[in-house]
Amino acid sequence: MPVSLRNISPLSSYLPATPPPLIIAGPCSAESEEQVMATAVALKEIPEVAAFRCGLWKPRSRPEDFQGVGEKGLPWLQRVREETGLKTAVEVASPRHIEQCLKQGVDILWIGSRTVVNPFSVDEIAEALRGVDVPVFVKNPVNPDLLLWIGALERLNRQGIRKLAAVHRGFSVYGSKPYRNLPVWEIPLELRRLAPGLPVLIDPSHISGTRAMLPHVAQAAVDLSFDGLMIECHIEPAKALTDRKQQVTPQALAKLVRKLRIPVGKITGDDEMLHQWRKEVDLLDEEILHRLGQRMEIIAKIGKYKRNHEIELLQLERWSQVVEDRLKKGTARGLSRNFLMKLLNAIHEEALRVQRTNT
Ligand code: PEP
Ligand code: MN
């Protein structure tokens with residue numbers, strides 16, 4: 001079924017013009033008026049920052065975790081707007097959150113990943129927004145389900161929301177390390193292909209989970225020509241009550257932005273596609289290498305076990321089963337037997353070397 005998103009407004013119709021890349025920054029959670037104001041005042045100095053984000057109602061895994069300050073934070077955001085001129089953006093998960101945000105003049109609402117997974121919740125939110133001309137950002141659902149993401153966008157658009165954008169924050173996948181949430185770039189790229197007028201932002205903070213990884217993911221987002229970045233920023237990250245490891249100070253954000261390589265001028269037509277495909281290939285290769293590294297780590301453990309139990313390193317029967325299974329799966333994906341055999345032999349050779357040298 002074709003994607004049905006009508007009359008989507010560009011980001012420039014409700015966000016100020018900034019030098020690229022467009023950034024929406026702010027703390028994971030509002031914690032105090034001082035923390036919110038100090039962060040916002042510092043962010044105002046970064047020309048790329050177009051809006052201030054923060055969570056008031058926090059969807060947390062455990063009930064004993066900090067759940068956010070709730071509506072108490074709304075007047076703080078009014079101060080942010082008045083004193084810095086920055087637009088404000090808040091996560092909403094229910095009609096009551098929406099009512100409170102709209103009453104206090106929040107400029108942009110976003111729907112978080114945990115809410116987007118539930119079409120009942122999205123429908124309730126969409127109904128509460130009927131006839132309201134407010135920008136709404138829709139994060140991807142926690143699971144890698146493109147249709148569920150598109151469905152949420154369509155539900156909002158049907159109720160008349162045109163200032164609509166998607167935010168890609170990666171997917172919660174078992175074993176997604178080194179990422180907190182695996183990027184699976186082909187999903188937001190496919191969204192862009194299916195819904196060409198829809199702005200798509202990237203949230204490198206929730207993809208990375210750590211400050212160290214942030215520049216790498218932000219650069220990948222810029223290289224793939226997404227429309228902007230949402231980055232978590234705290235005046236004192238070490239004291240943050242949520243997502244402490246991934247938040248950066250406004251100064252660190254300014255530095256990160258200065259180091260990004262921004263493509264100058266657009267290459268046209270086919271060239272741009274070529275550039276994007278190459279970038280996708282680079283990212284996939286990185287994932288393959290990362291997985292091969294993980295595979296060898298386990299192989300080394302098996303080697304040690306064999307040595308301790310005086311089992312022979314080479315187990316021909318097991319290896320024949322692996323070859324047979326991988327050939328079947330690989331050929332089903334269109335890979336040739338010849339290529340698969342070379343690949344499997346190279347992997348096996350390296351595995352035996354690792355077992356011999358690491359035991
Ligand atoms: C957030 O942006 O702080 C947040 C909770 O994000 P997500 O919904 O992507 O987990
Ligand atoms: Mn967060």
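Read the numbers this way: they start at 1 and go in the same order the structure lists the ligands and their atoms. Here the structure is a predicted model, which means the values were calculated and not measured. All heavy atoms count here, side chains included; hydrogens, waters and symmetry mates do not.
- For residues 42-59, every residue pair satisfying the salt bridge (Lys or Arg N to Asp or Glu O under 4.0 Å) rule, not counting sequence neighbours, is listed here: Arg53-Glu232.
- Gln246 and Arg211 are not linked by any side-chain donor-acceptor pair at a separation below 3.5 angstrom, with hydrogens and angles left out of the test.
- For the pair Arg60 and Phe66, the cation does not sit on the ring face, since its NZ or CZ is not both under 6.0 Å from the ring centre and inside 45° of the axis.
- Side chains of Glu91 and His97: a donor-acceptor N/O pair is absent below 3.5 angstrom, by distance only.
- Protein residues with a heavy atom closer than 4.0 Å to ligand 1 are Cys28, Arg53, Lys58, Glu91, Trp110, Gly112, Ser113, Arg114, Lys139, Arg169, His206, Glu232, listed by chain and number.
- Looking only at atom types and distance, the side chain of Gln294 has a donor-acceptor partner in the side chain of Arg291 under 3.5 Å away.
- Between the side chains of Arg169 and Ser113, at least one donor-acceptor pair of N or O atoms lies under 3.5 Å.
- Looking only at atom types and distance, the side chain of Ser121 has no donor-acceptor partner in the side chain of Thr115 under 3.5 Å away.
- For residues 98-111, the set of pairs meeting the side chain to side chain donor-acceptor pair (under 3.5 Å) definition, not counting sequence neighbours, comprises Glu71-Gln100, Thr88-Asp107.
- For CD of Glu310, the number of neighbouring non-hydrogen atoms (other residues, nucleotides, ligands) closer than 6.0 Å is 12 at most.
- Within a radius of less than 2.8 Å around the Mn ion (ligand 2), the protein N, O or S atoms are Cys28 SG, His206 NE2, Glu232 OE2, Asp243 OD2.
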